[in-house]
Amino acid sequence: PNNVIFKRPVIKMSNDPSGNTYLVHNNKNSIYLLDKSGALSRISGKNPNVQDLPEINDVTVSKSGKVFIQYSGNAIAQFNADGTYTEIAGDTAYAARVDGAGKNARFSSITDLVADSQGNVFVLENQMAAIRKVSSNGQTTLYAGSYTKKGHKDGALTDAAFQCPA
């Protein structure tokens, strides 16, 4: 394995189906790949061979191996094997809670991401007390919780209420 020392902590990590681990480093514009043999390589940020990414806050990997990132607070992209990324939902310039397609969707205070095997991304918005779903076609909708009611209530999906789901 490489002898790498991170001067700042790793803030998020996610594993792919092959046993590799993706790490978001605390300088918030770098993703590292720790492969199953223990080799570590920077796959984004401050590398002239790949597209620069804005402030990266989270990473998740689907069971099919698609890598998704949350960046600049309120946008989600798919990270591609060639080092580029494709924006799929949200906009870095606007914070709000708006369902819609692609960049027409708006997020606020994204706390966490998780992807399912169909390529959908579930987005936890702590201040909104909601979990949003970005479908594989880029459509964002409310999945669980509420935009208007916070609280502690068990229930099915949008009947449930969260105070702070993170």
Side-chain angles (χ1 to χ4, degrees), residues 6 8-17 20-34 43-45 52-80 85-166:
F6 289 114
R8 296 183 184 163
V10 169
I11 59 171
K12 296 284 183 162
M13 63 184 181
S14 186
N15 296 326
D16 72 13
N20 301 308
T21 302
Y22 293 81
L23 309 164
V24 175
H25 189 243
N26 200 20
N27 66 8
K28 295 191 178 187
N29 69 339
S30 294
I31 299 174
Y32 288 84
L33 175 64
L34 178 64
I43 60 172
S44 74
D52 273 342
L53 291 161
E55 179 182 331
I56 302 168
N57 304 103
D58 201 353
V59 62
T60 189
V61 184
S62 73
K63 290 185 182 192
S64 64
K66 290 182 180 179
V67 179
F68 298 95
I69 60 169
Q70 178 244 334
Y71 64 97
S72 296
N74 298 306
I76 299 168
Q78 181 176 332
F79 188 75
N80 304 309
Y85 65 97
T86 304
E87 296 173 333
I88 61 168
D91 191 317
T92 60
Y94 302 102
R97 60 172 191 252
V98 177
D99 290 339
K103 291 189 78 161
N104 292 323
R106 300 285 184 265
F107 299 96
S108 180
S109 301
I110 296 174
T111 306
D112 206 358
L113 300 176
V114 66
D116 69 11
S117 59
Q118 285 78 43
N120 301 307
V121 178
F122 294 88
V123 180
L124 178 64
E125 290 181 285
N126 197 29
Q127 291 182 354
M128 295 298 156
I131 299 171
R132 313 269 298 282
K133 177 183 177 182
V134 181
S135 64
S136 58
N137 67 4
Q139 183 69 33
T140 298
T141 56
L142 176 65
Y143 182 74
S146 170
Y147 295 141
T148 58
K149 294 182 284 187
K150 288 185 177 184
H152 302 281
K153 179 184 171 196
D154 292 340
L157 300 176
T158 55
D159 290 333
F162 308 112
Q163 183 62 38
C164 292

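A quick note: this is a predicted structure, and the numbers were derived from the prediction, not measured.
A donor-acceptor pair under 3.5 Å is formed between the side chain of Ser14 and the backbone N or O of Val61. Distance alone, capped at 3.5 Å, is enough to place a donor-acceptor pair between the Asn120 side chain and the Ser136 backbone.
The shortest side-chain heavy-atom distance between Ile76 and Leu113 falls under the 4.5 Å cut-off. Counting heavy atoms from C-beta outward, Val123 and Val134 have side chains that approach closer than 4.5 Å.
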**OP:** Begin with the C-alpha distance, continue with both residues' side-chain angles, and end with the deciding distance and a verdict on side chain to side chain contact (heavy atoms under 4.5 Å, CB included) for Phe79 and Ile43.
**Re:** CA-CA 10 Å; Phe79 188 75; Ile43 60 172; 3.6 Å; yes
Original post:
Can you list the steps and then say if Val98 with Asn104 is a side chain to side chain contact (heavy atoms under 4.5 Å, CB included)?
Top reply: CA-CA 8 Å; Val98 177; Asn104 292 323; over 6 Å; no
**OP:** Quick one: do Phe68 and Ile88 satisfy side chain to side chain contact (heavy atoms under 4.5 Å, CB included)? Show the steps, please.
**Re:** CA-CA 9 Å; Phe68 298 95; Ile88 61 168; 3.8 Å; yes
Subject >> Chi angles and distances behind the side chain to side chain contact (heavy atoms under 4.5 Å, CB included) call for Met13, Tyr32 >> reply: CA-CA 9 Å; Met13 63 184 181; Tyr32 288 84; over 6 Å; no
Subject >> Residue pair Asp99, Thr140: steps toward the side-chain hydrogen bond (donor to acceptor under 3.5 Å, both in side chains) verdict >> reply: CA-CA 5 Å; Asp99 290 339; Thr140 298; over 6 Å; no
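Summarising the geometry of Lys12 relative to Thr111, their closest heavy-atom pair is NZ-O, 3.2 Å, with the distance given to 0.1 Å. Across all their heavy atoms, Glu87 and Ala77 have their closest contact at CA-CB, 4.0 Å. Nearest approach of Ile31 to Tyr22, heavy atoms of both residues: CG2-CD2, 4.2 Å. Residues Asn74 and Gln70 share a closest heavy-atom pair of N-NE2, 4.2 Å. Closest non-hydrogen pair, Arg106 versus Arg132, comes out as O-NH1, 3.1 Å. The two residues Ser108 and Glu125 make their nearest non-hydrogen contact at N-OE2, 2.6 Å.
For the side-chain contact (heavy atoms from CB on, under 4.5 Å) criterion with Asp58, the lone passing option out of Leu124, Asp112, Val114 is Asp112. Under the side-chain hydrogen bond (donor to acceptor under 3.5 Å, both in side chains) rule, Asn15 has a single partner from Asn20, Thr21, Thr60, which is Thr21.
Atom CD of Gln118 and atom CG of Asp116 lie 4.5 Å apart (nearest 0.5 Å). One distance of note links CG of Asn80 with OG1 of Thr86; it measures 4.0 Å at 0.5 Å rounding. Rounding to the nearest 0.5 angstrom, the gap separating the NZ atom in Lys133 from the CZ atom in Phe122 is 5.0 Å.
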